[in-house]
Number of protein chains: 2
Amino acid sequence: MAMRLTEQAYLVLLALADQPRHGYGVVQEVRELSGGSVRLGAGTLYGVLDRLVAAGYAEASGEVVVDGRLRRYYRLTPDGHDALTAETARLRDLARRADRLLGGVARPAPGIA
Amino acid sequence: MAMRLTEQAYLVLLALADQPRHGYGVVQEVRELSGGSVRLGAGTLYGVLDRLVAAGYAEASGEVVVDGRLRRYYRLTPDGHDALTAETARLRDLARRADRLLGGVARPAPGIA
DNA sequence: CCCGATAGGTCGGCGCACGATATATATCGT
DNA sequence: ACGATATATATCGTGCGCCGACCTATCGGG
């Protein structure tokens, strides 16, 4: 498996991290998580979701009817959680490197190389 | 302008952050910056580079012949530096949120909300 | 009664990523 | 001497993901 995680896919995984959510809920959570900058369209959402399910990172978690409207829930699989953790670590490292490159005035670095 | 930065485009910008580099040098720096996980192919590189130049984020910086081989250098523009800074901040925030979601067992958080 | 929000989903276009390919020189191993 | 690998540029075709447009349906408010 080991699919390549795009940022959208990553955000969807992240939205499912704390609790199962239905499609529309994922869209809202991603919007919040990204500080409002990433607004998932329907096409993006279901495409990403299908790929995540195919990769074994997410799975359907049941359907509930609330106020006459169907809610189809998705949850993270253990593999999905692993992928999310790994990708988060990668992101954290990258952000740290970038901060060092931008903030640091390129000091000679005698000890670390 | 304000083009949408893909991860590849972001990494190229980041590779140009500390000093101008030629195409092949960018490929190598991106590989290092990403911990070896992102290997830019030729097609990706020049596509990204063209888009960055078109967006005003990078520009050609001169050509040098070393060992009979031409090196075409690119450098960051002020706009490119701004975009890089902004995108880095966005990434840092995202990584922080993700860490909180994954590591934190959802503590009530009395002070911060 | 219509509109916006909530909730599900499909479809087609567009743009980006990426490998394949081409060209050319220098180096290193055999 | 030769082929492989690394350096260095660039183009092209394809595949796939992103995203808006669109469709159906329910509920609440104006």
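Side-chain atoms are counted along with the backbone in the values below, which use heavy atoms only and exclude waters and symmetry mates. As the structure is a computational prediction, the values presented were derived from the model and not from experiment. Chain naming here is simple, since letters A, B, ... match the order of the sequence lines and numbering starts at 1 in each.
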Interatomic distance where [atom1] belongs to [X] and [atom2] belongs to [N] [whole Å]:
X	N	atom1	atom2	value
A:D67	C:dA5	CG	C1'	12 Å
B:E63	D:dT9	CD	C1'	10 Å
B:L52	C:dG15	CG	C1'	15 Å
A:M3	D:dC16	CE	P	12 Å
B:E7	C:dG15	CD	P	22 Å
B:Y10	C:dA17	OH	P	15 Å
A:L11	D:dC18	CG	C1'	13 Å
A:L49	C:dT10	CG	C1'	15 Å

Quick check for you: among [options], whose closest atom lies nearest to any side-chain atom of [X]?
X	options	result
A:T6	D:dC18, D:dC19, C:dA7	D:dC18
A:R71	D:dC18, C:dA7, D:dA8	C:dA7
A:Y46	C:dA7, C:dA20, C:dG9	C:dG9
A:Q8	C:dC18, D:dC19, D:dT9	D:dC19
B:Y24	C:dA7, C:dA17, D:dT7	D:dT7
A:R69	C:dA17, D:dT26, D:dT7	D:dT26

Problem - Partner nucleotide of C:dC18 by Watson-Crick or wobble geometry (both distances under 3.5 Å) - result: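 Pair assignment: C:dC18 / D:dG13.
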For a quick test of reading the model, state the closest non-hydrogen atom pair linking [X] to [Y] and the distance between them.
X	Y	result
B:L94	A:Y10	CD2-CE2, 4.0 Å
A:G23	A:L45	O-CD2, 3.6 Å
A:R92	B:A95	CA-CB, 4.1 Å
A:A17	B:L102	CB-CD2, 4.3 Å

Exercise for the section: On DNA chain C, check which nucleotide each of B:R4 and A:L45 is closest to and give me the residue with the more 5' one. Expected result: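 In this pair, the answer is A:L45.
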Fill in the blank from the handout: Closest to the 5' end of DNA chain C, once B:G47 and A:G23 are matched to their nearest nucleotides, is A:G23
Handout entry: B:Q28 side-chain N/O to D:dT7 phosphate OP1/OP2 under 4.0 Å
Key =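 For B:Q28, the contact criterion (side-chain N or O under 4.0 Å from OP1 or OP2 of D:dT7) is met.
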Practice task
Considering just the side-chain nitrogens and oxygens of B:R51, establish if one lies under 4.0 Å of OP1 or OP2 belonging to C:dA17.
Solution key: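 B:R51 to C:dA17 OP1/OP2: side-chain N or O found under 4.0 Å.
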Problem - Whichever of A:V48 and A:G68 has its nearest DNA chain D nucleotide further upstream toward 5' - result: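 Closer to the 5' end of DNA chain D: A:V48.
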Exercise for the section: Would you classify B:V66 as touching base, sugar-phosphate or nothing, given that sugar-phosphate means primed atoms plus P, OP1 and OP2, and contacts are heavy atoms under 4.0 Å? Expected result: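 It contacts nothing in the nucleic acid.
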Exercise for the section: Confirm from the modelled atom types if B:R72 and D:dT9 form a donor-acceptor pair under 3.5 Å, side chain to base only. Expected result: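 Side chain to base: no pair below 3.5 Å.
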Practice task
Could you tell me whether a side-chain N or O of B:R21 sits under 3.5 Å from a main-chain N or O of B:A15, the two making a donor and an acceptor?
Solution key: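 It does hold such a pair.
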Problem - Verdict with supporting geometry, B:Q8 and B:L40, side-chain contact (heavy atoms from CB on, under 4.5 Å) - result: CA-CA 8 Å; B:Q8 284 78 7; B:L40 253 47; 4.1 Å; yes
